Amino acid sequence: DIPVASKVEISVYDALGRRVSVLLDAYKSPGSYDLRFDASGLNSGIYFYRIEAGGFVKTRKMTLIK
């Protein structure tokens, strides 16, 4: 959910901190959005995703198992 219009960036990083994918980099209006992540080009392992929208920044860990 995006409460106010802002630039939104969602990126995926590997365990070494290298950006491996940019899922979204666009200006979005307020509202709810869904995003699909195609990880077919990545190996199993630990990754981090980072969400930046306006002044909001959050990084979370995810485990990819194939």
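When reading the values below, keep in mind they use all heavy atoms of this one structure, side chains included, and skip hydrogens, waters and symmetry mates. On a predicted model such as this, the values are computed, not experimentally measured, just so you know.
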Start with the C-alpha distance between R36 and L23, add both sets of side-chain angles, then the distance that settles side-chain contact (heavy atoms from CB on, under 4.5 Å), and finish with yes or no. CA-CA 8 Å; R36 295 195 183 266; L23 305 179; over 6 Å; no
I65 and T63: CA distance, side-chain angles, deciding distance, side-chain contact (heavy atoms from CB on, under 4.5 Å) verdict: CA-CA 6 Å; I65 301 171; T63 303; 3.9 Å; yes
Would you mind reporting whether V12 and F48 have side-chain heavy atoms less than 4.5 Å apart? no
Any side-chain heavy-atom pair of Y13 and R50 under 4.5 Å: yes
Determine the minimum heavy-atom distance between P30 and P3, stating which atoms define it.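 Minimum heavy-atom contact is CB-O, 3.6 Å.
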Which distance, rounded to the nearest 0.5 Å, do you find between the [atom1] of [X] and the [atom2] of [Y]?
X   : Y   : atom1 : atom2 : result
S21 : Y49 : OG    : OH    : 14.0 Å
K7  : L24 : NZ    : CG    : 9.0 Å
I2  : K28 : CD1   : NZ    : 7.0 Å
S11 : I51 : OG    : CD1   : 10.0 Å

In terms of hydrophobic clustering (I, L, V, M, F, W, Y; side-chain heavy atoms under 4.5 Å; direct or indirect links), are L35 and Y33 co-clustered? yes
State which residues pass side chain to side chain contact (heavy atoms under 4.5 Å, CB included) with L64; sequence neighbours excluded, sorted by chain then number.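 Partners of L64 under the side chain to side chain contact (heavy atoms under 4.5 Å, CB included) test: A39, L42, Y47, K66.
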When you check the gap from the basic side-chain N to the acidic O, do R19 and D14 get nearer than 4.0 Å? no
Evaluate K61 against I46 for side-chain contact (heavy atoms from CB on, under 4.5 Å), listing each step before the verdict. CA-CA 7 Å; K61 182 170 81 168; I46 302 295; 3.7 Å; yes
